[in-house]
Amino acid sequence: FLRTTMFAVASALVAVGANSATAFAAPLELVAGRRRGSQGVRYPIPTADGAQIDKDNQVILVRWQNTAYAFNLSCPHQNTALRWDDADHRFQCPKHHSKYRPDGEFIEGRATRGMDRLAIQRQGNDLVVDVDKMFKEDEERAAWNAACVVLST
């Protein structure tokens with residue numbers, strides 16, 4: 001699984017131009033969250049719309065239209081690492097081509113639900129993600145909808 005994930009992350013970086021000088025200005029970047037015991041994984045609040053991948057904690061952190069989301073890195077269909085498509089501003093599964101909006105809503109493909117959201121909350125200038133609390137859209141719709149942080153403009 002980790003080998004597949006690393007390959008998917010590397011492929012995603014190539015897809016958004018990781019070899020160019022603007023690679024780190026693109027809306028996809030690799031990050032490392034800070035774990036503090038059982039308090040979750042902490043990330044600085046992203047300053048612009050885009051996706052960040054924390055491969056060590058299997059988290060995709062997204063800021064989109066003044067809202068922050070945390071997702072499980074794997075596609076809910078068959079656990080393949082998702083990729084960010086910068087041109088279309090969406091996620092895509094490289095295995096069966098399921099597509100998702102930046103907020104995790106399912107668009108089309110073999111999957112049957114949106115991306116799995118993780119519990120997230122704001123603490124000061126950080127977002128704290130509880131990687132042990134994952135919500136599936138089709139099983140816990142209210143919790144899935146609530147798993148986001150509205151950021152001020």
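Because only heavy atoms are used, hydrogens play no part in the values below, and waters and symmetry mates are left out as well, while side chains stay in.
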Would you say [X] and [Y] make side-chain contact, with heavy atoms under 4.5 Å?
| X | Y | answer |
| --- | --- | --- |
| Phe91 | Ile60 | yes |
| Gln58 | Val131 | no |
| Cys75 | Tyr100 | yes |
| Gln92 | His97 | yes |
| Thr67 | Asp103 | no |
| Pro46 | Gln52 | yes |
| Leu61 | Leu127 | yes |
| Tyr43 | Asn57 | yes |

Heavy-atom closest pair, residues [X] and [Y]:
| X | Y | value |
| --- | --- | --- |
| Pro102 | Tyr69 | O-CD1, 4.2 Å |
| Asp116 | Lys136 | OD1-CG, 3.6 Å |
| Ala111 | Ser98 | N-OG, 2.9 Å |
| Arg117 | Phe71 | CG-CE2, 3.6 Å |

Query raised in the report: Does a side-chain N-to-carboxylate-O contact under 4.0 Å join Arg141 and Glu105?
Result: yes

Query - NZ/NE/NH1/NH2 to OD/OE distance under 4.0 Å, Asp88 and Arg90 - result: yes

Which value, rounded to the nearest 0.5 Å, describes the distance between [X] atom [atom1] and [Y] atom [atom2]?
| X | Y | atom1 | atom2 | answer |
| --- | --- | --- | --- | --- |
| Leu118 | Asn72 | CG | CG | 6.0 Å |
| Asn145 | Phe135 | CG | CZ | 11.0 Å |
| His77 | Leu82 | NE2 | CG | 12.0 Å |
| Arg113 | Glu139 | CZ | CD | 6.5 Å |
| Ile45 | Arg63 | CD1 | CZ | 7.5 Å |

**Report entry** Candidate list Val149, Asp130, Val128, Val59, test side chain to side chain contact (heavy atoms under 4.5 Å, CB included), partner Ile120, passing option
**Finding:** Val149

Query raised in the report: How are the rings of Trp84 and Trp64 set relative to one another: parallel (under 30°), tilted (30 to 60°) or perpendicular (over 60°)?
Result: perpendicular

Query - Stepwise side-chain contact (heavy atoms from CB on, under 4.5 Å) check, Thr80 with His96 - result: CA-CA 9 Å; Thr80 300; His96 293 117; 6.0 Å; no

Requested in this report: Kindly determine whether Ile53 and Leu73 satisfy side-chain contact (heavy atoms from CB on, under 4.5 Å), including the steps that lead there.
Outcome: CA-CA 8 Å; Ile53 295 177; Leu73 181 60; 3.9 Å; yes

